[in-house]
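Chain letters run A, B, ... following the sequence lines, proteins first, then strands; residues in each count from 1.
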Amino acid sequence: MISTDETERVRQIAVWSRALTVAECDRVRAGMQIRTYGRGETLGAEGQPVEHWIGVLEGLVKVGTVSPDGKDITFAGMHAGGWFGEGSLLKNECRRYEVVALRPTRAVLLDRATFFWLYENSVPFNQFLITQLNERLGQFIGLIEHARKLDTTTRVARALAGLFNPVLYPGAGQTLAITQEELGLLAGVSRPIANQALRDLERQGLVHVTYGEVTVPDPLALMHLGEERQINTE
DNA sequence: ACATTAAATTCGA
DNA sequence: TCGAATTTAATGT
């Protein structure tokens, strides 16, 4: 069970919770706990049973895997408002990816029993899940489609644009607190390369870089950098 | 890897 | 509690 002021914060980042009745909300609160993670700490290890659906309250986490040849592959970055783990929960399988905090992070954990109770009882919750899955699918299709010709600047642009997805991170503004090192970790490039890419993007007017944060006026333009045509993911 | 700049923290009044 | 001094963090090349 989480406290009342924590509930307030959870409501801010969990759009799906806003449509719940008071009774539903109480039940969900009872299945929640809040945990904090230090830099580099694991929120969920690859191959481990998945016991929770996790939402990021604050901080930054990286979802990815380490391939057999030792290459570190990042699938997505997550910040406040991002939820993950529903795929493994629904399929009742162990976690396919590792989830690591890139900076001190606070997250809310919803236990699997409550997750499934919502899944079976709440229409808004299911709508949220479907919307989120669909959004992710669109992003991955874009990734696969252009995986071949991704230069470093485009990779950084993608990683950054992903963090500005308005469906996955509702309520986020145009400015995100992220260091160039963190962005490099998400994009799979070194910090100096991330710096170079950001300056490149800034020259193109796609981003504005200030100390410890990046402003993106048009995330879609950033996401579709380098594409000749728009992909239809409907 | 190094030099520069920004921010956060400490410390003395 | 104010601001200067110091340390730590982030950036740019």
Side-chain angles (χ1 to χ4, degrees), chain A residues 3 5-6 8-9 12-13 34-45 54-67 69-82 84 97-108 139 143 146 149-166 168-226:
Chain A
S3 71
D5 55 325
E6 286 169 337
E8 200 41 53
R9 177 60 184 148
Q12 285 172 11
I13 64 114
I34 299 221
R35 275 210 53 187
T36 60
Y37 301 86
R39 190 188 308 274
E41 213 175 325
T42 299
L43 285 77
I54 302 178
V56 179
L57 292 171
E58 52 208 39
L60 184 67
V61 306
K62 186 182 80 161
V63 181
T65 188
V66 180
S67 64
D69 54 328
K71 276 189 181 172
D72 189 48
I73 301 170
T74 300
F75 295 127
M78 294 249 178
H79 57 117
F84 62 90
Y97 319 115
E98 60 165 13
V99 185
V100 177
L102 292 183
R103 77 166 87 117
T105 292
R106 211 152 62 95
V108 54
Q139 284 200 6
L143 266 178
H146 299 92
K149 55 173 177 183
L150 286 193
D151 60 307
T152 53
T153 298
T154 319
R155 297 233 313 264
V156 171
R158 287 287 162 76
L160 187 54
L163 295 173
F164 280 91
N165 185 312
L168 263 27
Y169 308 103
Q174 298 195 326
T175 300
L176 173 70
I178 187 171
T179 67
Q180 299 180 1
E181 171 145 33
E182 290 166 340
L183 187 54
L185 288 169
L186 290 180
V189 301
S190 69
R191 203 267 305 160
I193 294 296
N195 174 272
Q196 189 184 299
L198 279 174
R199 323 203 102 258
D200 193 357
L201 294 170
E202 190 160 42
R203 270 196 301 279
Q204 298 179 48
L206 290 167
V207 303
H208 182 241
V209 180
T210 52
Y211 189 89
E213 54 181 33
V214 180
T215 301
V216 177
D218 184 357
L220 279 179
L222 195 58
M223 182 60 85
H224 295 300
L225 176 69

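Contact check for A:Val99 versus A:Phe84: side-chain heavy atoms found under the 4.5 Å cut-off.
In this structure A:Tyr169 satisfies the ring-ring contact (aromatic ring centres under 6.0 Å, His included) test together with A:His79, sequence neighbours excluded.
Looking at A:Gln12 and A:Arg9, their side chains do bring a donor and an acceptor atom within 3.5 Å of each other. Under the 3.5 Å distance criterion, with hydrogens and angles disregarded, a donor-acceptor pair is assigned to the side chains of A:Asp200 and A:Gln204.
The list of salt bridge (Lys or Arg N to Asp or Glu O under 4.0 Å) pairs with a residue in residues 174-194 of chain A, not counting sequence neighbours, reads A:Arg103-A:Glu182.
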Sub-3.5 Å pairs of nitrogen or oxygen atoms, protein against nucleotides 7-12 of chain C:
residue, atom, partner, partner atom, Å
C:dA9, N3, A:Tyr211, OH, 3.2
C:dA10, O4', A:Tyr211, OH, 2.8
C:dT11, OP1, A:Gly212, N, 3.1
C:dT11, OP2, A:Gln180, N, 2.8
C:dG12, OP1, A:Arg199, NH2, 3.4
C:dG12, OP2, A:Gln180, NE2, 2.8
C:dG12, OP2, A:Asn195, ND2, 2.6
C:dG12, N7, A:Arg191, NH1, 2.9
C:dG12, O6, A:Arg191, NH2, 2.7

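We find that CD1 of A:Ile193 is positioned 15 Å from C1' of B:dA1, with the value rounded to whole Å.
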